[in-house]
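The analysis underlying the following values was restricted to heavy atoms, covering all of them including side chains, and did not include hydrogens, waters or symmetry mates. First listed ligand is number 1; within each ligand, the first listed atom is number 1.
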Amino acid sequence: MIPFDDALKAVLAAATRMEAVRHPLEDAVGLVLAEDATSDVDMPPFRKSAMDGFAVIAADLATPPATLSIVEEIPAGAVPTKAIEPGQCARIMTGAPVPEGADAVVRVEDTEPGAGPGDVIIRKAVAKDANICFRAEDVARGDVVLRAGGVIRALDVPTLAACGCAEVPAFRRPTVAVLSTGNEVVPVGRVPRAGQIRDANAPYLAARLRQLGIEGRLLGIARDTPAALRRALREGLESDVLVVSGGVSAGDFDLVPAVLGKLGVEVLFDSVAMQPGRPTLFGRREGCLVFGLPGNPVSVLVAAELLVVPALKAMIGYADPNPPRRRARLLEATRHRPGRVAHVPGVLSQMPDGWAVRPLPYHGSAHVHALAGANCLIRLPAEAAELEAGASLEVVELDVRG
Ligand code: AMP
Ligand code: MG
């Protein structure tokens with residue numbers, strides 16, 4: 001049995017970053033940029049109008065109202081053909097280039113038609129440069145808009161698009177196979193018969209992978225026979241990562257470790273001083289990392305959050321793949337069996353005097369519904385049996401996005 005921290009270290013040491021490839025921009029959210037992204041254009045690309053109105057010479061409006069003659073209309077997408085002289089203006093739309101000679105734009109709301117067909121009355125004075133966006137005032141051609149190593153967010157996509165990054169150099173997402181095992185486990189669409197239980201693990205793992213932008217390869221449910229496991233595990237080993245749940249403990253039908261061994265998987269650890277999740281197995285074969293998680297759904301969730309997700313983040317290229325931790329004050333006394341670090345579901349909240357955490361009612365690793373209201377896992381140290389209210393503890397924040 002190895003300490004939890006050593007298990008995480010071993011996982012992160014084995015989880016090497018994937019190669020950089022070019023991804024379509026729409027598919028890049030959640031990936032890590034492999035090179036600095038630069039702009040191939042100035043932004044704005046030219047001196048342009050920020051309003052629908054009239055391009056004018058500000059000095060012409062020193063004593064409003066003033067009547068100006070309209071020399072042309074410049075819709076967005078057009079190029080002005082005339083320079084503006086004193087007494088003149090151009091009708092201009094938002095996003096259109098401001099003509100030579102003009103040094104301000106008056107909003108259409110501050111004007112009214114003049115007496116002649118080509119005239120406009122401007123009712124207000126306007127400051128020089130008003131309602132004009134200047135070329136390259138946001139970004140100059142060649143500027144770095146996003147640094148290598150950053151996670152690409154949806155927020156970054158419009159900038160990357162405007163800068164011409166139709167394809168983004170980013171580290172590849174690993175392919176991840178997901179396998180449930182157990183004679184008693186039935187697909188979620190089935191009503192379990194006597195002795196059966198629905199597969200809670202594969203749907204969870206698939207959903208969690210999606211939060212990381214990974215479409216899991218779902219291999220279904222293997223029966224607890226060497227032949228069925230061999231067939232399914234062999235297929236799973238074709239992926240960059242294989243996550244199998246169930247069948248790794250010490251029971252008569254826990255055949256996964258033996259079958260993995262026969263398939264050439266080198267086991268790096270098969271027992272971790274954590275509760276739940278003790279029989280968690282981690283191994284590798286050629287290009288594939290293998291996680292064998294004990295079948296109870298809370299064990300799967302805890303081991304996935306604390307070991308599998310960090311591995312995936314490291315492979316995607318996150319600068320810090322570790323589970324997001326913070327310290328919080330325990331709001332209720334809690335006890336646990338010492339010897340292994342325990343992770344129990346809790347609710348973390350920010351109080352006026354700092355972060356605080358409340359443990360949720362929890363009956364053990366099959367009590368998956370305990371997680372329904374949780375937003376963190378509370379880490380109860382291996383050495384402490386009783387924890388007083390007020391104790392400062394480490395918690396692992398769970399990803400609570402939709
Ligand atoms: P095992 O690790 O195979 O010994 O399974 C431990 C417990 O988890 C047993 O009660 C199993 O019925 C249950 N279990 C195993 N796999 C799943 C699954 N995919 N979904 C829900 N419960 C499971
Ligand atoms: Mg089983």
Checking contacts here: is it the side chain or the backbone of Pro297 that comes within 4.0 Å of ligand 1, counting heavy atoms only? Could be both or neither. side chain

Measure Asn296 to ligand 1 on non-hydrogen atoms and call it side chain, backbone, both or neither using the 4.0 Å cut-off. both

For residues Cys288 and Leu237, report the shortest heavy-atom separation together with the two atoms involved. CB-O, 3.6 Å

For atom 9 (C) of ligand 1, the protein heavy atom that lies nearest, with its residue and separation: Glu184 OE2, 4.0 Å

Looking only at protein heavy atoms, which one is nearest to atom 19 (N) of ligand 1, and how far off is it? Asp199 OD1, 2.8 Å

Give the numbers and elements of all ligand 1 atoms closer than 4.0 Å to a heavy atom of [X].
X      : value
Asp254 : 3 (O), 4 (O)
Val185 : 16 (N), 17 (C), 19 (N)
Asn201 : 16 (N), 17 (C), 18 (C), 19 (N), 20 (N)
Arg198 : 20 (N), 21 (C)
Gly247 : 1 (P), 2 (O), 3 (O)

Under 3.5 Å, N or O to N or O, is [X] touching ligand 1 that way?
X      : value
Gly295 : yes
Ile197 : no
Ala200 : yes

Below 4.0 Å from ligand 1: does a non-hydrogen atom of Ser249 turn up there or not? yes

Check ion pair [X]-[Y] (N to O, under 4.0 angstrom):
X      : Y      : value
Asp320 : Arg325 : no
Glu100 : Lys82  : no
Glu72  : Arg91  : no

Checking side-chain polar atoms at under 3.5 Å, does [X] have a donor or acceptor matched by the opposite partner on [Y]?
X      : Y      : result
Ser239 : Arg217 : yes
Thr94  : Asp52  : yes
Asp240 : Thr175 : yes

Is it true that atom CZ of Arg141 has more than 12 heavy atoms of other residues, nucleotides or ligands lying nearer than 6.0 Å? no

Between Arg135 and Asp42, does a salt bridge (charged side-chain N to carboxylate O under 4.0 Å, His left out) hold up when you go through it step by step? CA-CA 7 Å; Arg135 177 171 183 161; Asp42 291 330; 2.9 Å; yes

